[in-house]
Amino acid sequence: MKLADMRNETSLKIAPYLSWMALMLLLPGTAWAYGLRACVAGLFLAAFFAWGRRLPSPSPKAVASGVVAGLFVLFLWVWPERFELYRKLFILGQKAAEPSGSPYDPAVCGWALTIAKLIGSAFIIAPAEELFFRSFLYRWIQGAADNEAFGRRFDASAFFWTVALFALEHDRWLAGAMAGAIYGILAIRTGLASAIIAHATTNLALGAYVIMRGEWAFW
């Protein structure tokens with residue numbers, strides 16, 4: 001691949017996540033702002049899948065592994081919060097899983113924006129994060145951002161730093177670290193597409209859980 005092509009590939013790969021983070025810093029924490037972030041990042045994500053390097057299609061086993069791993073991450077994300085000590089030690093700001101007058105509650109923002117939050121979480125930010133952390137960042141730390149083969153090679157240092165940075169992105173940092181480790185192992189063993197499926201499964205199932213139970217603090 002030519003240098004210019006490699007730079008274009010990298011730009012397409014990181015643009016969805018970077019645009020999402022930039023707008024998160026610039027816009028207020030409201031439901032409509034989330035919808036705007038999702039639209040912008042979604043356009044960049046569509047550009048990657050239209051013009052970037054095509055991801056290998058996952059096998060049925062890889063798809064099943066992704067779904068099972070995604071549901072396991074959901075369990076690790078939700079279940080420990082029944083324990084007060086866990087909430088005090090492993091959630092920044094001690095944000096408990098209780099109703100909190102969330103801006104994403106349909107009683108506050110309407111169902112259209114609540115569904116936009118669900119779709120954005122599962123089908124935009126999940127693949128955007130996987131492209132950035134498990135594809136670009138993991139190989140960039142290895143010094144091989146242009147080499148797809150390095151994404152399937154275990155490198156302890158790159159794996160640790162990717163997991164750590166992914167964890168720090170979340171207020172539930174311990175759950176984020178466990179999720180990052182699981183998605184990372186999945187990306188190495190079965191491919192990036194399987195990690196994307198796992199992450200999307202987690203976020204979709206978590207969103208459904210939040211909406212059905214009204215535990216808006218998870219959002």
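Atom CZ of Phe44 is surrounded by 12 or fewer heavy atoms from other residues, nucleotides or ligands within 6.0 Å. Residue-environment remark: CZ (Phe90) exceeds the threshold of 12 foreign heavy atoms within 6.0 Å.
Annotation: side chain of Ile91 is not in contact with side chain of Trp173 (no heavy-atom distance under 4.5 Å). Looking at Phe75 and Leu71, their side chains never come closer than 4.5 Å, going by heavy atoms from C-beta outward. Side-chain contact between Glu215 and Glu81 is absent, with no heavy-atom pair separated by less than 4.5 Å. Between Phe72 and Leu76, some side-chain heavy-atom pair lies under the 4.5 Å cut-off. Contact of the Leu131 side chain with the Phe136 side chain is not registered, since no non-hydrogen atoms from C-beta on lie closer than 4.5 Å.
At a threshold of 4.5 Å between side-chain heavy atoms, the hydrophobic network of Ile, Leu, Val, Met, Phe, Trp and Tyr places Trp20 and Leu27 in two separate groups. Hydrophobic clustering of Ile, Leu, Val, Met, Phe, Trp and Tyr side chains at less than 4.5 Å, counting indirect connections, unites Val210 with Ile119. Both Tyr34 and Met24 are assigned to one and the same hydrophobic cluster, defined by single-linkage of ILVMFWY side chains at heavy-atom distances under 4.5 Å. No continuous path of ILVMFWY side-chain contacts below 4.5 Å connects Val68 to Leu192, so the two sit in separate hydrophobic clusters. Under the 4.5 Å side-chain heavy-atom criterion for grouping Ile, Leu, Val, Met, Phe, Trp and Tyr, Leu118 is not connected to Val67 through any hydrophobic cluster.
Note that CZ of Phe48 is 5.0 Å distant from CG of Leu55, once rounded to the nearest 0.5 Å. Atom CZ of Phe218 and atom CG of Leu206 lie 7.0 Å apart (nearest 0.5 Å). Leu45 contributes atom CG, which lies 10.5 Å from atom CG of Leu12 (distance to the nearest 0.5 angstrom). How far CH2 of Trp140 is from CZ of Phe132: 8.5 Å, rounded to the nearest 0.5 Å. To the nearest 0.5 Å, atoms CZ (Phe133) and OH (Tyr138) are separated by 15.0 Å. Separating the CD1 atom in Ile185 from the CZ atom in Arg134 is a distance of 11.0 Å, to the nearest 0.5 Å.
Nearest heavy atoms, Trp77 versus Ala179: CZ3-CB, 4.1 Å. Between Thr114 and Trp219, the closest heavy-atom pair is O-CH2, 3.9 Å. For the residue pair Gly70 and Thr202, the shortest heavy atom distance occurs at O-OG1, 2.7 Å. When all heavy atoms of Pro103 and Ala31 are compared, the closest pair comes out as O-CB, 3.6 Å. Of all the heavy atoms in Ile141 and Trp161, the pair that sits closest is CD1-CB, 3.7 Å. The heavy-atom pair separating Ala126 from Asn203 by the smallest distance is CB-ND2, 3.8 Å.
Using modelled atom types, no side-chain atom of Ser194 and backbone atom of Leu186 make a donor-acceptor pair closer than 3.5 Å.
For the pair Lys117 and Tyr104, the cation sits on the ring face: its NZ or CZ lies under 6.0 Å from the ring centre, inside 45° of the axis.
Taking the six-membered ring where the residue is Trp, Tyr183 and His199 present parallel rings, their angle staying beneath 30° rather than reaching 60°.
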